[in-house]
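This report refers to the structure that appears directly beneath it.
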Number of protein chains: 2
Amino acid sequence: MAERAYHHGDLRRALLARAESTLRDGGGAERLSLRELARQVGVSHGAPRRHFPDRQALLEALAQTGFERLSEQLRAALERAPHDDGRAGEGFEDRLAATAAAYVRFAIRDAALLELMFASKHGERSGEVAEAAERTFSVVLELIRQGQAEGALEAGDPERVGLMLLATVQGIASLANSGMVAADQLDGLVASAIARFLRGSRAG
Amino acid sequence: MAERAYHHGDLRRALLARAESTLRDGGGAERLSLRELARQVGVSHGAPRRHFPDRQALLEALAQTGFERLSEQLRAALERAPHDDGRAGEGFEDRLAATAAAYVRFAIRDAALLELMFASKHGERSGEVAEAAERTFSVVLELIRQGQAEGALEAGDPERVGLMLLATVQGIASLANSGMVAADQLDGLVASAIARFLRGSRAG
DNA sequence: ACCTGAACACCGTTCAAGT
DNA sequence: ACCTGAACACCGTTCAAGT
């Protein structure tokens, strides 16, 4: 049956999927247990070791796939947003707002996963996670470059401008998930932050 | 001797102090163990229970004292910064920069503690932690009100402007601690963010 | 009022053994 | 190549008992 199929080549994916859904309706990565995941997936407690040498490896794989999913969702939001309509920066403003909204949506829905993705690294971050994070950032970077090309944003180091935009939405997500911003304040706060970002970046 | 004195009325404080320093040079709250803390402080593993009914209670106490210390450091930075010198907003800009720098300093030094303070809350946040967080926010709020009174910031809901400022510095801290911003980029990023915040808020 | 120490159920990790 | 199951050292939590 379908439950048996898990053990035939897809245990890794099954464990990750289970872990993600545990993160989504439980709270916090500290509640993730390799033994419990193995049990839920119908496998002995030693089996995950073939795919994740230790618990940390599972957490890093979750962070990596989290960044990949976030990248996809940002990209999708960008593509759905209206393109430039001729008036300088009009299309850009919509794409900026859509991207920020997509980020915050991800952050609220997958709060525990986001926390994992941005967890403090005492030492160095694993190469694969860092690369996935870079790919997410490159979506933001591309958006900034478009804004500069369209004349909606001042010229200047796009990397730095992109980091400030990312910091703004990540900071809002952090405040929201920790309960310092109520759910009904959230959309207004994001809108204000985007408007302020544009005001602080106006070219000319 | 001094080690014996721990057991006489100050076990709670001793455990918190130990936990804070473990957070500071270890990495992450998930490494905090009640049994290990009890051992380090020279007490049996059941003793902490008198002061912290469970592990979560210890973590919440850490978050609370974290917010209190952050409040103090922001206030101290504010008071050390030059006061208004007559030119509109000059004193304010310095105080704003000093406050942001103090926040980021705290965030870097106590990265794991900050993470605990802003950890995602599935349910509700404990009342005492929420109140301590509110007191930290009120320092930011007071700064914003001064800026508006001095004419350095546009009028408008100070709460919302304060949340955006807090989100900005918290977001930068998040990027720095997760390794997306290198240490040598950090000061420049904070300076840019503050400059941009002011540009987006200019009154008149 | 505060702490001790045994007990219980759970964990991550390791490793020989099976198929 | 992949999984099982026993083993080990560690947890958090509970609770009777001590002072």
Side-chain angles (χ1 to χ4, degrees), chain A residues 1-23 25-63 112 116 119 121-123 126 129, chain B residues 1-23 25-63 112 116 119 121-123 126 129:
Chain A
M1 291 303 152
E3 282 124 69
R4 261 328 183 191
Y6 277 150
H7 314 185
H8 298 283
D10 235 2
L11 179 55
R12 185 189 152 93
R13 200 175 307 271
L15 289 168
L16 286 176
R18 259 299 184 201
E20 276 199 47
S21 84
T22 299
L23 279 183
D25 50 48
E30 73 279 0
R31 278 212 243 180
L32 280 179
S33 147
L34 282 177
R35 287 177 103 109
E36 173 73 17
L37 290 171
R39 226 176 284 129
Q40 289 174 335
V41 147
V43 98
S44 82
H45 71 260
R49 179 150 236 262
R50 289 288 136 193
H51 306 279
F52 306 106
D54 57 16
R55 204 183 100 102
Q56 185 57 28
L58 173 77
L59 298 184
E60 278 173 17
L62 284 169
L116 203 61
K121 306 305 173 204
H122 29 306
S126 132
V129 179
Chain B
M1 290 302 154
E3 282 126 70
R4 255 352 189 166
Y6 276 151
H7 314 186
H8 297 282
D10 235 2
L11 179 55
R12 186 189 150 93
R13 200 175 306 272
L15 289 167
L16 285 176
R18 260 298 183 199
E20 275 199 47
S21 83
T22 300
L23 280 183
D25 48 51
E30 73 280 0
R31 278 212 242 181
L32 280 179
S33 147
L34 281 177
R35 287 178 103 111
E36 173 73 17
L37 289 171
R39 227 175 283 129
Q40 289 174 335
V41 147
V43 97
S44 82
H45 71 261
R49 180 151 235 262
R50 289 288 136 194
H51 306 279
F52 306 106
D54 58 15
R55 205 183 100 103
Q56 186 56 29
L58 173 77
L59 299 185
E60 278 173 17
L62 283 169
L116 203 61
K121 308 303 173 208
H122 29 307
S126 131
V129 179

## Note on the structure
For nucleotides 6-19 of chain C, 5' to 3', base contacts (B), sugar-phosphate-only contacts (S) and non-contacts (-) with protein non-hydrogen atoms under 4.0 Å give BB---SBBB-----
#### Entry: Nearest heavy-atom neighbours spanning A:Ala29 and A:Leu59
CB-CD2, 4.5 Å
#### Entry: Stepwise side-chain contact (heavy atoms from CB on, under 4.5 Å) test for A:Leu16 and A:Phe52
CA-CA 10 Å; A:Leu16 286 176; A:Phe52 306 106; 3.8 Å; yes
Nearest 0.5 Å, please: how far is [atom2] in [Y] from [atom1] in [X]?
X	Y	atom1	atom2	answer
A:Arg49	A:Leu58	CZ	CG	13.5 Å
A:Arg55	A:Glu30	CZ	CD	8.0 Å
B:Leu37	B:Arg35	CG	CZ	12.5 Å

### Query
Under a 3.5 Å cut-off on both pairing distances, which runs of 3 or more consecutive Watson-Crick or G-U pairs involve DNA chain C?
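Listed by first number, the stems are C:4-8 with D:12-16, C:12-16 with D:4-8.
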### Message
A side-chain contact here means heavy atoms from C-beta on lying under 4.5 Å apart; do B:Glu36 and B:Thr22 qualify?
### Response
no
### Task
Flag the pair A:His51 / A:Leu11 as yes when at least one side-chain heavy-atom distance between them is below 4.5 Å, and no otherwise.
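Yes; the side chains approach each other to less than 4.5 Å.
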